[in-house]
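Just below is one structure, and these are the notes that go with it.
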Amino acid sequence: MKSIWENYKTEVAYDELMQSKSQPRPVSQKLCHYLNSLSKQEIDKRKIAAELAIMEMGISFTVYSDEGNIDRAWPFDIIPRIIEAQEWRIIEKGLKQRLTALNHFISDVYGEQAFIKAGKMPGEIINSSKNFRKECVGMQPKHHVWANICGTDLVRDKDGIMYVLEDNLRVPSGVSYMLENRVITKRVFPELLQDIDVLPIDDYPTQLYDMLMSIAPQQTGKVRIVVLTPGVYNSAYFEHAYLAQQMGIQLVEGSDLVVKDDDCVYMRTIEGLEKVDVIYRRIDDDFLDPEVFRKDSTLGVKGLMRAWKAGHIALANAPGAGVADDKVVYAYVPEMIRFYLNEEPILPNVPTYLCSDKNQLEYVLEHLPELVAKPANESGGYGMIVGPHATLEEINAFRAVIKKDPRNYIAQPTLAISTAPTLCKGKLEPRHIDLRPFILQGENTFVTAGGLTRVALKKGSLVVNSSQGGGSKDTWIINGEES
Amino acid sequence: MLSRSAERLYWLARYLERTENIARLVSVHMNLLMDLPKGVEMNWVQLIQINAAEQEFYDKYTSANERTITRFLLADRTYSGSLFSSLIAARENIRTSRDLLPDEAWEQVNEMYLYAKNHLDSIANRHSRVLFLNEILKGCQRFTGLLSGYMSHHHPYRFIGLGKYLERADMTTRILDLASLLLSESRSIELRQYETILWMTILKSLNALLMYRQQVRSRINGDDVLNFLLLDNNLPRAVGCCISEIFNCIIKLPNHDGLPEKLLELKQTVEAIDTQQTTQLQLRVILDSLQNKFGGLHQQIAENWFLKVETEAVE
């Protein structure tokens, strides 16, 4: 019988589980030993069981397409990705450090702008940022925290070092899939999770609830928290409903809420209007309040910004927090850490070329075939180009796009991002992966044990976004010494 | 509790009840036709009459037979009253109110939907149709049991109750409407011979045969069956019992203004029906007005509790 590991290649990039073709890393020895004890048929059976569970649990995401929106089953690979606890503790510290600095920065941007005044960053970057909201100037959310929920994307390069690829500070999604992936793994490999001590992750909804509670304007009396969703047609609707359900709080849409003359937010209940204190909003700033932002928005709540500025409602994340979720601003995060915290960054950035800078622009245009270039303000893997995988025509077309709007483009070297064994047609093959841990900051700071590992299911592809054919894996943080 | 959620749970329950009712109706009807000789006037058309869907049916199909009618009632996505359409609507409503229900509730409805979707073709064949209907009936019962055992019997549970009992009362009156046809003087002699079987079928379609035997303890006859299914306060599918259940839900909900009076009026209408004195024609008129009253009850429920964005925006 052929092994599922037959022809496994570890030369492509750093492999998270395998040291070499036949030698697992110490941390993944137990898992590999276990996988080898299963027959091919047995592994197939587990894979089918996982697919069935996903169907029945209705774990889906919505893909926008020309033929309308389609609800797709969540693509999941049953082979977990493993990170050693010792390494994880450092990453965790680095993530907390980073979000703390970012929140200092956002406060500063809407306050005295000391960072800019000190000459650390050209003011032009903020003035030209799509996500800078002048309405937020002078505001100070509770605990001075603007980005309460952050999803930071990490990738490991060939050198084995984990780099921060981007910080998602607007409405990052994916945490529900992280939680559901573990539920499925428990169903599919119950014997394995019994034997290996994997750090639990299921306290996330509790942590999220506590964080939201900690930012309520008043701590007395009953605090009413809700999740605000754009509605059932949003690609992350599943997650909105899931989190509301897990926290036992209401999932509301814009039309369920109303701001009255007292500048307080109320929801329409069967008992009449009921006051709301905290909104975990999953709607972009643009659509939040037609009174202030986009006038045509039917998703938001008229007067919400009034209520927020009056201090009657807490919004997570705070409006305007997205100013730091800009790939140009990203380039300055290491400097922010030094400036605000007087510390050296624990997690490195990927070297980033800013097209707004004339010299760097020239370099980017010349070296585009080797680089990855992306828009500064998009998410979901839209509008980017991977130089080494693009045709000359595509590269030339992209050069023109950049030249038209250099402020909104950045470029980075193409990383050989790490791989992990992934089940493809009954065999294990290396596929590129990233990691999105979730960080919560309110009164305290919390990091998920691991995060959502996304995997590019297409052979050779580096794009892991679910909207672009990506899947996901369960992520295990385990102690190295025990294996 | 959000008005929007109240509305969605209410409709979730109505659609699931409808799903179950259609499944039971078709299943019982299949059994009846196996018992009756060929050529009596009972046939498949009555099933679309119960649902008041003749017009819509003949717009789509040229002939009414077992194949077309079962397809129309069970699998036709374009007919909003079909089993599959009801199940889709139920799933959509629960998908958007997951925050209020135990996980298992969503999984149960989703599983049922996936099952139906994957087996729609099998209903053409009688044997696999029986299996299909059984699976749906079991699924609906599982859902009911699951909520009763896993969910606090608080406001959300009450809105589910409201939807369920209102839909159920509506269906029972429809089935009795059909039954009243059997009282008609114009019945053929041949059909009269099978009267007992027909009344048994009515009882079975409401899962009430055993209860009838235990409680009424008389030979099965039209008057007693009608009385039992209209007035009984303990039989879950009797109109009287549904009204009592609706009352129990309503009285514990806030802002129930206007509803207890409406229900009292309904109860009095039902109790005033004298099945021995009423002619078939009169009975049909009474059942018709009952159905209208249920419609009015729904209006009042929506008025009291559901989301009215436009009107409130003006205030």
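Each chain gets a letter, A, B and so on, in the order its sequence line appears, and its residues count up from 1.
Of the listed residues (A/Glu274, A/Glu253, A/Met267, A/Lys302), the greatest number of heavy-atom pairs within a distance under 4.5 Å of chain B belongs to A/Glu253.
Dense packing is recorded around NZ of B/Lys60, with more than 12 heavy atoms of other residues, nucleotides or ligands lying under 6.0 Å away. Heavy atoms from other residues, nucleotides or ligands lying under 6.0 Å from NZ of A/Lys222 number 12 at most. Annotation for A/Asp296: atom CG counts as buried by contact number, over 12 foreign heavy atoms lying within 6.0 Å. Around CD of A/Gln194, the count of heavy atoms belonging to other residues, nucleotides or ligands within 6.0 Å does not exceed 12.
Using a 4.5 Å cut-off between heavy atoms, B/Glu92 touches chain A through its side chain atoms alone. A/Ile249 touches chain B through its backbone: at least one of N, CA, C or O sits under 4.5 Å from a heavy atom, while the side chain does not. Contact annotation for B/Phe159: only side-chain heavy atoms (C-beta onward) come within less than 4.5 Å of a heavy atom of chain A. When heavy atoms are compared at a cutoff of 4.5 Å, A/Met55 approaches chain B by way of both its backbone and its side chain. Residue A/Val226 does not touch chain B at all, counting heavy-atom pairs closer than 4.5 Å. The contact between B/Trp106 and chain A is made entirely by side chain atoms (from C-beta outward), counting heavy-atom distances below 4.5 Å. Heavy atoms closer than 4.5 Å to chain A are found in the backbone of B/Leu101, but not in its side chain. B/Leu2 touches chain A through backbone and side chain together, each having a heavy atom under 4.5 Å away.
Within the 3.5 Å criterion, the main-chain N or O of A/Leu251 finds a donor-acceptor partner in the side chain of B/Asp99. Looking only at distances, a side-chain donor or acceptor of B/Asn110 sits under 3.5 Å from a matching main-chain atom of A/Glu56.
Residues B/Arg4 and A/Asp256 share a closest heavy-atom pair of NE-OD2, 2.7 Å. Residues A/Thr269 and B/Met1 share a closest heavy-atom pair of CB-O, 2.8 Å. Across every non-hydrogen atom of B/Asp103 and A/Gln245, the tightest pair is OD1-NE2, 2.8 Å. Considering all non-hydrogen atoms of both residues, A/Tyr242 and B/Arg98 come closest at CD1-NH2, 4.4 Å. Residues B/Asn255 and A/Gly272 approach most closely at ND2-N, 4.1 Å, considering heavy atoms.
One distance of note links CD1 of A/Ile270 with NE2 of B/His256; it measures 12.0 Å at 0.5 Å rounding. For the atom pair CG of B/Leu100 and CD of A/Gln250, the computed distance is 6.5 Å after rounding to the nearest 0.5 Å.
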